[in-house]
Amino acid sequence: MCQKATGGLFGAYVAVENANFVWSRGKPAYFQSSSVARRGFCSACGTPLTFEWAENRTALAMGCFDAPEDFVFDVAYASEHMHPTLSGLPHVPVSPLADTPEAERAYKTMAGFQHPDHDTDHWP
């Protein structure tokens, strides 16, 4: 389900107690993805935001944070359903994102339109 909901090979989340969490600007739209959980997403851009299965906790998608490197994995749920290509990932050659002169030029001038994970005075 996480693969389908995120469009990725797995869902990476950080769980937080709802008593310690507040949306600073707007609220997500929701999709009831199963009989036990709903998923929150940005209704403007479609970014997956949450996986919610308990009334007192929200699991926030790690990839939607401006600095996802601030979080570490501490458990892998449902690893029996891991996409088979993930185990080979450490052996795949690496390449920079801008691997051609054209890509380098494009990324130097790229503007992002997704909202930052913190409140701002201005956003498009």
Side-chain angles (χ1 to χ4, degrees):
M1 288 183 67
C2 287
Q3 291 172 1
K4 286 186 176 186
T6 64
L9 298 180
F10 58 91
Y13 298 93
V14 57
V16 62
E17 297 294 324
N18 290 342
N20 301 319
F21 171 70
V22 63
W23 293 102
S24 64
R25 181 178 291 159
K27 301 233 187 260
Y30 290 98
F31 172 68
Q32 189 74 37
S33 61
S34 72
S35 60
V36 298
R38 70 180 185 165
R39 296 181 186 265
F41 61 94
C42 176
S43 63
C45 70
T47 297
L49 297 172
T50 70
F51 172 65
E52 300 174 37
W53 70 98
E55 289 185 29
N56 62 337
R57 293 177 62 121
T58 297
L60 301 162
M62 289 170 59
C64 70
F65 286 93
D66 292 341
E69 66 276 6
D70 289 348
F71 304 99
V72 297
F73 295 113
D74 62 357
V75 65
Y77 291 111
S79 60
E80 69 275 15
H81 300 292
M82 182 186 325
H83 193 280
T85 60
L86 283 175
S87 62
L89 190 58
H91 309 292
V92 174
V94 297
S95 175
L97 182 60
D99 60 351
T100 65
E102 295 82 8
E104 187 173 347
R105 282 191 298 277
Y107 284 112
K108 279 184 180 177
T109 61
M110 181 178 72
F113 302 119
Q114 292 178 306
H115 193 282
D117 67 7
H118 58 278
D119 208 6
T120 58
D121 291 333
H122 175 73
W123 176 65

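Quantities reported herein were computed from a predicted structural model and do not represent experimental measurements.
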| task | Examine distances only and state if a side-chain atom of Ser79 and a backbone atom of Met82 form a donor-acceptor pair shorter than 3.5 Å. | result | no
| note | One should read off an interatomic distance between Arg57 CZ and Thr50 OG1, to the nearest 0.5 angstrom, of 13.5 Å
| message | When you measure from the centre of the six-membered ring of Tyr30, is the NZ or CZ of Arg38 closer than 6.0 Å and no more than 45° off the axis? | response | yes
| said: Does any part of the side chain of Trp53, heavy atoms only, come nearer than 4.5 Å to the side chain of Val36, both counted from C-beta? | reply: no
| note | CG of Asp70 to CE of Met62, rounded to nearest 0.5 Å, is 9.5 Å
| field | Check: Phe65 ring centroid to Phe71 ring centroid under 6.0 Å | value | yes
| task | Can you measure from CG (Asn18) to OG1 (Thr58) and round to the nearest 0.5 angstrom? | result | 3.5 Å
| field | Over all atoms of both residues, closest heavy-atom pair of Ala29 and Ser43 | value | CB-CB, 3.9 Å
| SG on Cys64 to OH on Tyr13, rounded to 0.5 Å | 9.5 Å
| note | Nearest heavy-atom approach of Ala61 to Pro48 is CB-O, 3.6 Å
| message | Rounded at 0.5 Å granularity, tell me how far CD in Gln32 sits from CZ in Arg39. | response | 10.5 Å
| message | Quick check: is Leu97 connected to Met110 through a chain of hydrophobic side chains (ILVMFWY, heavy atoms under 4.5 Å apart)? | response | yes
| said: Check this for me: Glu55, atom CD, are more than 12 non-hydrogen atoms of other residues, nucleotides or ligands nearer than 6.0 Å? | reply: no
| Path from Phe31 to Leu49 over hydrophobic side-chain contacts below 4.5 Å | no
| request: May I ask you to test the Val94-Val92 pair for a side-chain heavy-atom distance under 4.5 Å? | output: no
| Steps toward side-chain contact (heavy atoms from CB on, under 4.5 Å) verdict (Phe21, Leu60) | CA-CA 10 Å; Phe21 171 70; Leu60 301 162; 3.7 Å; yes
| message | Do Val16 and Phe73 sit in one hydrophobic cluster, given that two such residues count as connected whenever their side-chain heavy atoms are within less than 4.5 Å of each other, even indirectly? | response | yes
| field | Separation of Leu86 CG from Leu9 CG (nearest 0.5 Å) | value | 5.0 Å
